[in-house]
Amino acid sequence: MIKISLETGSASRFTAKLHQKQRMVIHAGKEAVYEAGRIVYDDSQTRVPFLTGALWASGAIARDDSDHVGRTVIGYGDNTLNPSSGKTTASYAEDVEEKHKFLENALLDNATQVGELLRNRIMQELQS
């Protein structure tokens, strides 16, 4: 005969380990999201039309994580003045993106790599 005995102490330990694993998976996911954003950002930097370099220089990547969500924001356009036009890069970044799709194509062309990165990092953490 085989018996198993469950008691509140073992359930509490099990629950604590599940919460710890959850925190570790969330952390791994946040790190993977930032690394994925880095891939897209770096690729977009090679695609930005480069006339004066102002729009390229306005490119930025930032983490915007919350407790349970990893978020990486990539953007172009700020208060940097274009030396040729005197306009801020923020005033024309959307138009340039719409015409050249440098950010959109960087995301689309790296979608498979980004998806695999996210999956692999989270799976690694689940299996550890």
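Just so we're clear, the structure is a prediction, and the values are computed from it rather than from any experiment.
Atoms CD and CD1, on Gln113 and Ile39 in that order, are 4.0 Å from each other to the nearest 0.5 Å. To the nearest 0.5 angstrom, Ile26 atom CD1 is 9.0 Å from Arg23 atom CZ. With values rounded to the nearest 0.5 angstrom, Glu97 atom CD is found 8.5 Å from Ser44 atom OG. From Arg119, atom CZ reaches atom CD of Gln124 across 10.5 Å, with rounding to the nearest 0.5 Å. One distance of note links CG of Leu81 with OG1 of Thr52; it measures 10.5 Å at 0.5 Å rounding. The line from NE2 of His100 to CG of Asp95 is 10.0 Å long, rounded to the nearest 0.5 Å.
Side-chain heavy atoms closer than 4.5 Å link hydrophobic residues (I, L, V, M, F, W, Y) into clusters, and following such links, even through other members, never connects Val25 to Leu117. Hydrophobic clustering of Ile, Leu, Val, Met, Phe, Trp and Tyr side chains at less than 4.5 Å, counting indirect connections, keeps Val33 apart from Ile122.
Closest of all the heavy-atom pairs between Gly77 and Ala93 is CA-CB, 3.9 Å. Summarising the geometry of Ala36 relative to Val114, their closest heavy-atom pair is CB-CG1, 3.6 Å, with the distance given to 0.1 Å. Heavy-atom minimum distance, Val40 versus Ala106: O-CB, 3.6 Å.
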Quiz item: Please walk me through it: do Arg47 and Asp109 pass salt bridge (charged side-chain N to carboxylate O under 4.0 Å, His left out)?
Solution: CA-CA 12 Å; Arg47 299 171 185 245; Asp109 290 350; 2.8 Å; yes
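Ion pair Asp43/Arg38 not flagged as a salt bridge, since none of the NZ, NE, NH1 or NH2 atoms sits closer than 4.0 Å to an Asp/Glu carboxylate oxygen. A salt bridge links Arg63 and Glu31; the closest N-O separation between the charged side-chain nitrogens and carboxylate oxygens is under 4.0 Å.
The closest side-chain donor-acceptor pair between Asp78 and Ser58, if any, does not fall under 3.5 angstrom. There is a side-chain donor-acceptor pair under 3.5 Å between Asn82 and Tyr92. A donor-acceptor pair shorter than 3.5 Å can be found between the side chains of Tyr76 and Gln45.
Judged as a side chain to side chain donor-acceptor pair (under 3.5 Å), and not counting sequence neighbours, Glu116 has no contacts.
Inter-residue side-chain proximity for Tyr34 and Ile61 is flagged as met; some heavy-atom pair is nearer than 4.5 Å. Side chains of His27 and Glu125 form no contact here, defined as non-hydrogen atoms less than 4.5 Å apart. A heavy-atom distance below 4.5 Å is not found between the side chains of Asp64 and Thr72. Counting heavy atoms from C-beta outward, Ser128 and Lys21 have side chains that approach closer than 4.5 Å. The side-chain heavy atoms of Phe102 and Leu55, taken from C-beta on, include a pair separated by under 4.5 Å. Within the 4.5 Å cutoff, no side-chain heavy atoms of Ser84 are placed close to those of Leu51.
Around atom CZ of Phe14, no more than 12 heavy atoms belonging to other residues, nucleotides or ligands sit under 6.0 Å away.
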